[in-house]
Amino acid sequence: MLETYGVRIGDLKLYRARERVGKDINGDHARGYEDLFQYAAVIHKYDLGAICKVLCDAVTRPEKVLFQRFFMAFPAQKNALNNGCRPYIGLDGCHLKSKYGGALLAAVGMDANNGMIPLALAVCEIENTETWSWFLEILHSYFDNGLEHITFCSDRQKDLLGAIEITWPTAYRRPCAWHIYANFCKEHPSVSLRNLFWRVVSSTNKFDYAIAMEKLKKEKLEAWQWLETELAGFTWSRHEEKPCLTMLEEIRCMFMTLFTERKKEAQSWTNIPPRVKKELDAAYECGSKMNVKDKGYYPARRFIVDLMSRSCDCGYWDLAGIPCTHAMAAISHARHTTTEYLPKYFSKEAYLNTYAVMFKPIHDKVTWDPCDRPKLFPPEITKKIGRPKKSRKRAATEPIKKKTDHFISAAPFVVG
């Protein structure tokens, strides 16, 4: 301001000005909780079959009804998981950086093109066993379609693992390799150990897993013991600063745009989604060069492919569901088509079924019907020592985010 306009302004005044501008654009943080009951009623009115649950706290301060949690999911998302996605759900949460804090919990699925698809989200006071159990109980009741043997992928947070065990006891649980590696490299930083770690978690069969673990053991016994303990019980396989109502509605609009765009782009596809086709083409090219043994291993190895049971000794076909290079060599030799051996989850039909049901638009806020529910107040603020953090703490394994220089171009802008 001093260099541009020759005006000296104190830091406190600039901070207050930014707060006022943010309030004019996004709304007041405190008022972002007042209309959540009304918002839930509007969603139920215009998107029949949607679920919105608001949990309040009337004990902490009896004279006020304080906001505690909010859950929402839509028929489009329910249809996606039940009729097109694989039986897989990824779970994660993040801290909200708004004035009143809190946490955002989310569940995502995988479509036929290996793309992530949002299934449900919730705003709550904190990430713990109680909030995750509450989230998963509603998720289970809403998406109940007989798929009890669904697979969950998440980090190793004890609260989340305990909640899955309570609410979905028959489900399979798989850890996220990136979260494990973030903890692994803190105690065992080394390029050679990093390469061996990824060789272990990328193994698709017990034989390769045992070999990779043995090499890790020879390299560093402590690293092997750490990973052996961490993987015990598992098999080998590989907006936050805005007011609550503003954030939820923007996320809902993002979901609506995502579903519409993906359904539109699939109209020009062939029978196989592009990402799956790219992987199959690479596997076919590699498989066409094979004779009897796979020379990608040292020494070269022989794998048995059973086309009838859709299985290969390497384990990749069994885990991923997509034919491996050895299977593609056998399919090519038998003069069969690849689509005969692809599960329904990797077809264009499954992809279109995923996005068959669309989100319904919601009218502007000024037209919402009045609600007879009590006025919601924001949760109690727990002040922490020091300046509030606005940026996420990045793990040591994450790449450093490059800073971008923002400038205004002096070039003329022509309309017409």
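All values derive from a computational prediction rather than experimental measurement. Both backbone and side-chain heavy atoms feed into the values below; hydrogens, waters and symmetry mates do not.
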**Request:** Check for a donor-acceptor pair, side chain of S332 on one end and backbone N or O of M328 on the other, with a separation under 3.5 Å.
**Result:** no

**Residue pair V123 / L96, side-chain heavy-atom distance below 4.5 Å** = yes

**Message:** Could you check whether any side-chain N or O of N113 sits under 3.5 Å from a backbone N or O of G115, counting only pairs where one atom can act as donor and the other as acceptor?
**Reply:** no

**Asked** If we only count heavy atoms from C-beta on, is the C85 to I117 side-chain gap below 4.5 Å?
**Response** yes

**Prompt:** Of all residues at least two apart in sequence or in a different chain, which pass the ring-ring contact (aromatic ring centres under 6.0 Å, His included) check with Y284?
**Reply:** none

**Closest contact, heavy atoms only, I43 versus I362** = CG1-CD1, 3.6 Å

**Asked** Does P118 offer a backbone N or O that forms a donor-acceptor pair with the side chain of Q77 under 3.5 Å?
**Response** yes

**Message:** Show, in sequence, the C-alpha distance, side-chain angles and deciding distance for K360 and F74, and conclude whether the side chain to side chain contact (heavy atoms under 4.5 Å, CB included) test is met.
**Reply:** CA-CA 9 Å; K360 301 298 187 295; F74 298 85; over 6 Å; no

**Fill in**
Closest heavy-atom pair, W132 versus E127, reported as atoms and distance to 0.1 Å, is NE1-OE1, 3.1 Å

**Request:** Any chance you could measure I89, atom CD1, to L119, atom CG, to the nearest 0.5 Å?
**Result:** 6.0 Å

**Asked** Does anything in residues 263-274 pair up under side chain to side chain donor-acceptor pair (under 3.5 Å), and if so which pairs, sequence neighbours excluded?
**Response** E265-Y351

**Item:** salt bridge (charged side-chain N to carboxylate O under 4.0 Å, His left out) against E34, all qualifying residues, sequence neighbours excluded
**Value:** R31, K375

**Request:** Would you please classify the geometry between the H188 ring and the W226 ring as parallel, tilted or perpendicular, with 30° and 60° separating the classes?
**Result:** perpendicular

**Item:** Ionic contact status for E349 with K344, cut-off 4.0 Å
**Value:** no

**Request:** Output every pair passing side chain to side chain donor-acceptor pair (under 3.5 Å) with a member in residues 47-59, not counting sequence neighbours, ordered by first then second residue.
**Result:** D57-T60

**Asked** Where is the tightest heavy-atom contact between C324 and C314, given as atom of each residue plus distance?
**Response** SG-SG, 3.7 Å

**Complete:** Note: L160 and L136 closest approach over all heavy atoms is CD1-CD1, 4.5 Å

**Pair H363 and W368, ring centroids less than 6.0 Å apart** = no

**Prompt:** Is any side-chain heavy atom of L248 closer than 4.5 Å to a side-chain heavy atom of L36?
**Reply:** yes

**Asked** Do other residues, nucleotides or ligands put more than 12 heavy atoms under 6.0 Å from the CZ atom of R199?
**Response** no

**Asked** With D159, which residues qualify under side chain to side chain donor-acceptor pair (under 3.5 Å), at least two apart?
**Response** T129

**Request:** Inspect the surroundings of CD in E285 and state if more than 12 heavy atoms from other residues, nucleotides or ligands are less than 6.0 Å away.
**Result:** no

**Heavy-atom side-chain contact between L376 and K64 under 4.5 Å** = no

**Asked** Considering residues at least two apart in sequence or located in another chain, which fulfil the side chain to side chain donor-acceptor pair (under 3.5 Å) criterion with S311?
**Response** D318

**Item:** Rounded distance [0.5 Å steps], CE in M72 versus OH in Y142
**Value:** 11.5 Å

**Asked** When the ring planes of Y341 and W317 are compared, do they come out parallel, tilted or perpendicular, using 30° and 60° as the limits?
**Response** perpendicular

**Prompt:** Do P323 and L280 have side chains that get closer than 4.5 Å, going by heavy atoms?
**Reply:** yes

**Test log, rule side chain to side chain contact (heavy atoms under 4.5 Å, CB included), inputs C52 and F70** = CA-CA 7 Å; C52 288; F70 186 94; 4.2 Å; yes

**Fill in**
Here the gap from D111 atom CG to L352 atom CG, rounded to the nearest 0.5 Å, amounts to 11.0 Å

**Asked** Does Q225 reach the side chain of K220, with side-chain heavy atoms less than 4.5 Å apart?
**Response** no

**Prompt:** What orientation do W168 and H140 show, parallel under 30°, tilted 30 to 60°, or perpendicular over 60°?
**Reply:** perpendicular

**Request:** Measure the spacing between OG1 of T131 and CG of L105 and express it to the nearest 0.5 Å.
**Result:** 5.5 Å

**Message:** So, using side chain to side chain donor-acceptor pair (under 3.5 Å) as the criterion, who are the partners of K215 when residues are at least two apart?
**Reply:** none

**Asked** Are R373 and V54 close enough that some pair of their side-chain heavy atoms sits under 4.5 Å apart?
**Response** no

**Prompt:** Going through the distances and angles, do R86 and Y345 end up as a side-chain hydrogen bond (donor to acceptor under 3.5 Å, both in side chains)?
**Reply:** CA-CA 6 Å; R86 280 164 270 174; Y345 299 113; over 6 Å; no

**Request:** Flag the pair F135 / F71 as yes when their ring centroid distance falls below 6.0 Å, and as no otherwise.
**Result:** yes

**Asked** Partners of E261 by salt bridge (charged side-chain N to carboxylate O under 4.0 Å, His left out), sequence neighbours excluded?
**Response** none

**Request:** Run the ring-centre check on F152 versus Y172 and record whether the distance is less than 6.0 Å.
**Result:** no

**Request:** Under the salt bridge (charged side-chain N to carboxylate O under 4.0 Å, His left out) rule, collect the residues that match up with D364, sequence neighbours excluded.
**Result:** none

**Request:** Using side chain to side chain contact (heavy atoms under 4.5 Å, CB included) as the criterion, list what pairs up with E219, not counting sequence neighbours.
**Result:** S192, L193, L196

**Asked** At what distance, to the nearest 0.5 angstrom, does CG of D313 lie from NE2 of H326?
**Response** 9.5 Å

**Item:** Minimal non-hydrogen separation, S154 against I164, with atom names
**Value:** OG-CD1, 4.5 Å

**Salt bridge D281-K277, side-chain N to carboxylate O under 4.0 Å** = yes

**Request:** Apply the test salt bridge (charged side-chain N to carboxylate O under 4.0 Å, His left out) to residues R173 and E165: give CA-CA distance (whole Å), side-chain angles for both, the deciding distance (0.1 Å), then the verdict.
**Result:** CA-CA 9 Å; R173 298 182 299 279; E165 183 67 30; 3.0 Å; yes

**Item:** For W134, all residues meeting side chain to side chain donor-acceptor pair (under 3.5 Å), sequence neighbours excluded
**Value:** none

**Message:** Tell me the closest heavy-atom pair linking A112 and V276, and the distance in Å.
**Reply:** O-CG2, 3.3 Å

**Asked** Are the side chains of F346 and N114 in touch, meaning some heavy atoms are under 4.5 Å apart?
**Response** yes

**Item:** Pairing of E63 and R61 as salt bridge, 4.0 angstrom limit
**Value:** yes

**Message:** Apply ring pair (Phe, Tyr, Trp, His ring centres under 6.0 Å) to residues F359 and F259 and explain how you reach the verdict.
**Reply:** CA-CA 8 Å; F359 284 76; F259 273 61; 5.0 Å; yes

**Message:** Once rounded to the nearest 0.5 Å, what's the spacing between atom OG1 of T354 and atom CE of M110?
**Reply:** 11.5 Å

**Asked** Residues two or more places apart in sequence or in another chain: which of them pass ring-ring contact (aromatic ring centres under 6.0 Å, His included) with F37?
**Response** none

**Asked** Should R69 and E130 count as an ion pair when the cut-off is N to O under 4.0 Å?
**Response** yes

